[in-house]
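All ligand and atom numbering here is 1-based and tracks the order in the structure.
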Amino acid sequence: MNPTVKLQTQTFNNVPTLPDSYVWSTTPSESPCLHSIDEKQVPPVVDIGDPSAFSLVRDACEKWGVFQAINHGIPLSLFQETEFEARRLFSLPTEQKQLVARLPEGFTGYGLVRISRNFPKLMWSECFGMIGSPVEHASQLWPQDHAKFWYMRKLVAVMLRSLGLTNEQDTKWFEPKNESDRAKCFLQLNSYPVCPDPDRAMGLAPHTDSSLFTLLYQGGINGLQVYDDGVGWVDVQPVEGALVVNVGDLMHIVSNGRFKSVLHRVVVNNTRHRISTAFFYLPPWDAKVSPLKKLVEFDHLPMYRQVTWKEYVETKSKDLSKALDSIRI
Ligand SMILES: O=C(O)CCC(=O)C(=O)O
Ligand SMILES: [Fe+2]
């Protein structure tokens, strides 16, 4: 049994005060968050079905590295059902969740978020990871007709087109060489239980996602914050029907730094148990990722050397904040 996971879950259920191991020195009061109502100071909400979406997405990814997408074509009921099942899963007794505990180096199963090992303090959260997507099976069953199972296709297309990548040559680098090599989705259910002392706790420590991009459903409960150099921490308020789209490190590399991978964190609260569902859109394991030629021509010099996704994950698990810099030319 993983002792850390056991400690964590018991703590969530039983304590009236925050144990020392969960007290962060960087509290929200030390790094205040902006609760802004000025819409220029928050990541924008973009209607993906609108013809102006490409330029709005480009601007948002360049300035913030994040936006909220509406009209994205993904049935919201999928997320609502996922949230329902996530609440069922996280409310199981600890011993039962331990049956599917994530291995220390693994991605799937129940446990602490993977980035926990990079921080000395514990985070007020637990998670459950899964790999795979229905597209893998649907494409074998209906080779010509599986597009409707690829829920993220509209968003993938918008992200690429907003970078000016419109033809097949531009996107060949992450095309699968065979069916088993197809781009993967990693799904993570995050649970942030009600916390006795939210101002001194941390739901999820500041990090960037390693993915190409991440789709996030945050239900209706606040908690996600993104960092802006000029303004500091900014709330990403849940918007009905919207999905948060984060630019990840790989998109940052591919776009030669034009789309910036967004630094974000999650704060907790003392009244509501927050659940979020994150889909990390990933290239095949051995895909070679580097600034795309077309985009380098625009910027003149490549900022990053080529790296495989596998190599990048290994580098990042050793040092979260230095992985991008370590491949900088
Ligand atoms: O719970 C959230 O709002 C964010 C989750 C997140 O950043 C992650 O899973 O990487
Ligand atoms: Fe994240």
Does the N or O separation between Ser276 and ligand 1 drop below 3.5 Å for any pair?
yes

Listing residue and atom name, which protein N/O/S atoms are closer to the Fe ion (ligand 2) than 2.8 Å?
His207 NE2, Asp209 OD1, His264 NE2

Identify the residue among Leu243, Leu56, Val57, Ile70 that makes a side chain to side chain contact (heavy atoms under 4.5 Å, CB included) with Ile48.
Val57

Which residue supplies the protein heavy atom nearest to atom 6 (C) of ligand 1, what is that atom called, and how far is it?
Leu204 CD2, 3.4 Å

What is the nearest protein non-hydrogen atom to atom 4 (C) of ligand 1, stated with its residue, atom name and distance?
Val266 CG2, 3.6 Å

Minimum-distance protein heavy atom relative to atom 3 (O) of ligand 1
Arg274 NH2, 2.9 Å

Mind checking whether Gln218 has a heavy atom under 4.0 Å from ligand 1?
no

From CA spacing to verdict: side chain to side chain donor-acceptor pair (under 3.5 Å), Glu126, Tyr110:
CA-CA 8 Å; Glu126 53 189 337; Tyr110 169 75; 2.5 Å; yes

Apply side chain to side chain donor-acceptor pair (under 3.5 Å) to residues His264 and Thr208 and explain how you reach the verdict.
CA-CA 6 Å; His264 55 288; Thr208 59; over 6 Å; no

So the atoms of ligand 1 within less than 4.0 Å of a heavy atom of His264 turn out to be 7 (O)

Does Val262 share a hydrophobic cluster with Val45, counting links as ILVMFWY side-chain heavy atoms below 4.5 Å and allowing steps through other members?
no

Are Phe79 and Met130 connected, step by step, through hydrophobic side chains (Ile, Leu, Val, Met, Phe, Trp, Tyr) whose heavy atoms are closer than 4.5 Å?
yes

heavy-atom search around atom 9 (O) of ligand 1 in the protein gives Asn190 ND2, 3.1 Å

